[in-house]
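Taking it in order: structure first as structure tokens, then the write-up.
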Amino acid sequence: MARKIPKRRQESDGMTQIATVERIIDQNHAEISVPRKSACGHDCEECAGCGVTGAAVRAKALNVIGAQPGEKVVVESDTDKMLRIICLVYLTPVVLFLAGYLGTWFLGSDALRYGIAALGFAAGIAAAMSYDRRLRARGGLSFRIVRLF
């Protein structure tokens with residue numbers, strides 16, 4: 001029996017990535033494996049500097065096309081939620097570090113300013129970790145399988 005695959009949408013309201021379907025969870029959901037991206041692109045033949053491999057993130061996705069395990073698919077995630085996560089994880093620690101340092105400019109000791117700045121950075125990391133735990137408890141990022149790759 002042939003699967004009915006929806007036509008490709010012209011407008012996208014989210015960020016798209018390529019994933020692999022790992023298993024079927026229920027009639028409407030599948031577990032997917034999304035390769036983690038990094039700034040370096042992991043062109044290890046050219047660099048070999050970091051030693052990090054491209055680990056994959058497993059997530060639950062709405063499977064509206066009926067994709068099967070082993071298939072490569074295009075998944076879409078909510079761009080607004082993704083941007084909030086990026087801001088929290090990357091910007092908050094840096095902003096709190098700078099606020100701690102610049103906000104204590106009147107103090108005479110550089111060591112004290114750096115100490116307060118480091119506490120601000122640690123508070124930013126703690127906030128990001130707390131948000132990550134809450135997000136995972138609520139099911140993580142929401143992905144939707146939009147088409148086969």
Side-chain angles (χ1 to χ4, degrees), residues 1-104 114-149:
M1 182 161 92
R3 283 188 302 197
K4 183 178 178 184
I5 300 175
K7 290 184 180 177
R8 193 174 184 179
R9 292 188 300 173
Q10 298 293 16
E11 293 182 33
S12 175
D13 59 353
M15 174 188 244
T16 60
Q17 294 177 284
I18 306 224
T20 303
V21 177
E22 296 296 327
R23 67 183 180 93
I24 303 299
I25 296 173
D26 59 37
Q27 184 177 1
N28 298 318
H29 296 91
E31 181 180 280
I32 59 170
S33 176
V34 183
R36 183 173 287 173
K37 301 287 184 193
S38 72
C40 73
H42 288 293
D43 189 9
C44 297
E45 293 82 24
E46 296 295 321
C47 173
C50 68
V52 176
T53 60
V57 176
R58 290 186 184 257
K60 184 177 179 180
L62 183 60
N63 187 6
V64 295
I65 68 166
Q68 296 300 309
E71 292 182 325
K72 295 274 187 198
V73 292
V74 176
V75 295
E76 193 172 79
S77 61
D78 183 13
T79 303
D80 291 337
K81 187 182 273 188
M82 185 68 75
L83 289 176
R84 281 194 305 266
I85 292 169
I86 290 168
C87 284
L88 181 69
V89 170
Y90 292 106
L91 291 180
T92 302
V94 173
V95 168
L96 289 177
F97 176 86
L98 291 173
Y101 184 77
L102 297 175
T104 57
Y114 280 117
I116 292 171
L119 288 175
F121 184 80
I125 296 294
M129 290 172 64
S130 173
Y131 182 76
D132 180 57
R133 286 188 186 112
R134 280 194 317 244
L135 186 65
R136 285 179 195 251
R138 290 184 294 196
L141 276 176
S142 58
F143 288 97
R144 181 175 58 253
I145 300 173
V146 292
R147 64 182 170 88
L148 294 175
F149 179 65

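Positions are given from 1, in the same order as the sequence printed here.
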Counting distance only, does the side-chain N/O of T104 pair as donor-acceptor with the main-chain N or O of Y101 below 3.5 Å? yes
**Asked** Backbone N or O of A126 within a donor-acceptor pair of the S130 side chain at under 3.5 Å?
**Response** no
Would you name the heavy atoms of [X] and [Y] that are closest together and state the gap between them?
X    : Y    : answer
P93  : G124 : CG-C, 3.8 Å
I18  : P35  : O-CD, 3.3 Å
I145 : V64  : O-CG2, 3.2 Å
V21  : A67  : CG2-CB, 3.8 Å
I65  : V146 : CG2-O, 3.8 Å

Inter-residue atom distance [X].[atom1] - [Y].[atom2], 0.5 Å rounding:
X    : Y    : atom1 : atom2 : answer
I116 : L102 : CD1   : CG    : 12.0 Å
K60  : N28  : NZ    : CG    : 9.5 Å
E71  : N63  : CD    : CG    : 9.0 Å
T20  : R58  : OG1   : CZ    : 9.5 Å
F143 : E76  : CZ    : CD    : 11.0 Å
I24  : H29  : CD1   : NE2   : 11.5 Å

Could you walk me through whether I86 and L88 satisfy the side chain to side chain contact (heavy atoms under 4.5 Å, CB included) test, starting with their C-alpha distance in whole Å, then the side-chain angles of each, then the deciding distance to 0.1 Å, before giving a yes or no? CA-CA 5 Å; I86 290 168; L88 181 69; over 6 Å; no
Check the orientation of F97 and Y114. Use parallel for under 30°, tilted for 30 to 60°, and perpendicular for over 60°.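 F97 vs Y114 ring planes: tilted.
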